[in-house]
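Because only heavy atoms are used, hydrogens play no part in the values below, and waters and symmetry mates are left out as well, while side chains stay in.
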Amino acid sequence: MGGPAQQQATVPNPAISDLKSLKSRLMGEMGTLNDTLKQTNSDMGGKKVWVGKAADTWASDISGRRSRIQTLLGKLVPIIDAEINSLPEKVTPNEAKLYNMDRYRY
């Protein structure tokens with residue numbers, strides 16, 4: 001029991017699956033946030049909702065924030081990709097079990 005065959009058995013790395021899921025959710029949230037801020041900016045900048053100097057300033061601020069948020073969130077994608085690439089595709093069943101136990105600990 002527990003000889004060389006068991007030691008060589010591997011399973012997909014659950015950390016990679018979690019990171020890919022995180023990346024997918026991040027991309028979805030980025031799209032939602034971008035669309036929401038784009039629509040808000042369009043409504044404000046198009047003079048549909050509010051007009052005047054304060055409205056112009058607010059619309060400009062939203063446009064700047066939208067760009068800044070996209071830049072900051074966009075920096076997370078390569079970080080996640082780098083972490084995925086740094087991990088082994090397969091791990092031992094025991095390593096996978098320990099990872100799964102650890103992620104649900106908090």
Side-chain angles (χ1 to χ4, degrees):
M1 298 290 187
Q6 185 177 354
Q7 290 174 351
Q8 293 176 358
T10 58
V11 296
N13 190 338
I16 291 176
S17 176
D18 284 350
L19 287 168
K20 286 181 178 181
S21 176
L22 173 65
K23 180 180 172 182
S24 176
R25 290 190 325 265
L26 175 64
M27 298 295 285
E29 290 297 326
M30 286 172 58
T32 299
L33 184 59
N34 182 54
D35 292 348
T36 300
L37 291 175
K38 185 176 184 179
Q39 183 63 45
T40 301
N41 190 40
S42 173
D43 289 347
M44 295 304 292
K47 312 287 187 202
K48 295 179 189 177
V49 179
W50 185 19
V51 295
K53 185 176 180 179
D56 293 342
T57 301
W58 195 87
S60 177
D61 185 49
I62 287 295
S63 181
R65 287 176 189 253
R66 178 176 159 243
S67 177
R68 176 102 171 112
I69 288 169
Q70 283 180 304
T71 299
L72 292 173
L73 291 178
K75 289 180 179 183
L76 293 175
V77 173
I79 292 169
I80 294 169
D81 285 337
E83 185 63 20
I84 289 170
N85 292 332
S86 75
L87 296 172
E89 289 185 32
K90 302 276 188 174
V91 294
T92 66
N94 192 47
E95 289 171 322
K97 180 180 177 182
L98 290 172
Y99 172 83
N100 287 324
M101 288 172 57
D102 192 46
R103 77 177 177 180
Y104 294 117
R105 189 170 64 184
Y106 301 101

Practice item. Step through the shown structure and confirm whether more than 12 heavy atoms of other residues, nucleotides or ligands are within 6.0 Å of CE on Met30. Key: yes

Check your understanding: Which pair of non-hydrogen atoms, one from Pro12 and one from Val91, has the smallest distance, and what is that distance?
Key -> O-CG2, 4.3 Å

Practice item. With rounding to the nearest 0.5 Å, note down the distance linking CG in Asn94 to CE in Met101. Key: 9.0 Å

Review point. Does any non-hydrogen side-chain atom of Pro93 lie less than 4.5 Å from one of Lys97?
Key: no

**Study point:** Separation between CZ of Arg66 and CG of Leu33, rounded to the nearest 0.5 Å
**Key:** 9.5 Å

Practice item. Measure the CZ-CG distance between Arg68 and Leu73 for me, rounded to the nearest 0.5 Å. Key: 10.5 Å

Check your understanding: Quick one: does Leu37's side chain get under 4.5 Å of Arg65's, heavy atoms only?
Key -> no

Revision key, fill the gap. Minimal heavy-atom distance between Pro88 and Asn13, with the atoms involved, is O-ND2, 2.9 Å

Point to revise | Pairs meeting criterion salt bridge (Lys or Arg N to Asp or Glu O under 4.0 Å) with involvement of residues 11-23, two or more places apart | key: Asp18-Arg103, Lys23-Asp81

Revision key, fill the gap. Distance col, row Ile79:CD1 vs Ile84:CD1, nearest 0.5 angstrom, shows 12.5 Å

Point to revise | Check: Thr36 side chain, Thr32 main-chain N or O, donor-acceptor pair, under 3.5 Å | key: yes

Check your understanding: Does one hydrophobic cluster hold both Tyr99 and Leu22, with members joined at side-chain heavy-atom distances below 4.5 Å?
Key -> no

Practice item. Might you point out which heavy atoms bring Ile80 and Leu19 nearest each other, and give the distance in Å? Key: CG2-O, 3.6 Å

Practice item. Mind checking the CD1-OG spacing from Ile62 to Ser67? Nearest 0.5 Å is all I need. Key: 12.5 Å

Check your understanding: Between the main-chain N or O of Ala59 and the side-chain N or O of Ser63, is there a donor-acceptor pair closer than 3.5 Å?
Key -> no

Check your understanding: In terms of hydrophobic clusters joined by side-chain contacts under 4.5 Å, are Val11 and Leu98 together?
Key -> no

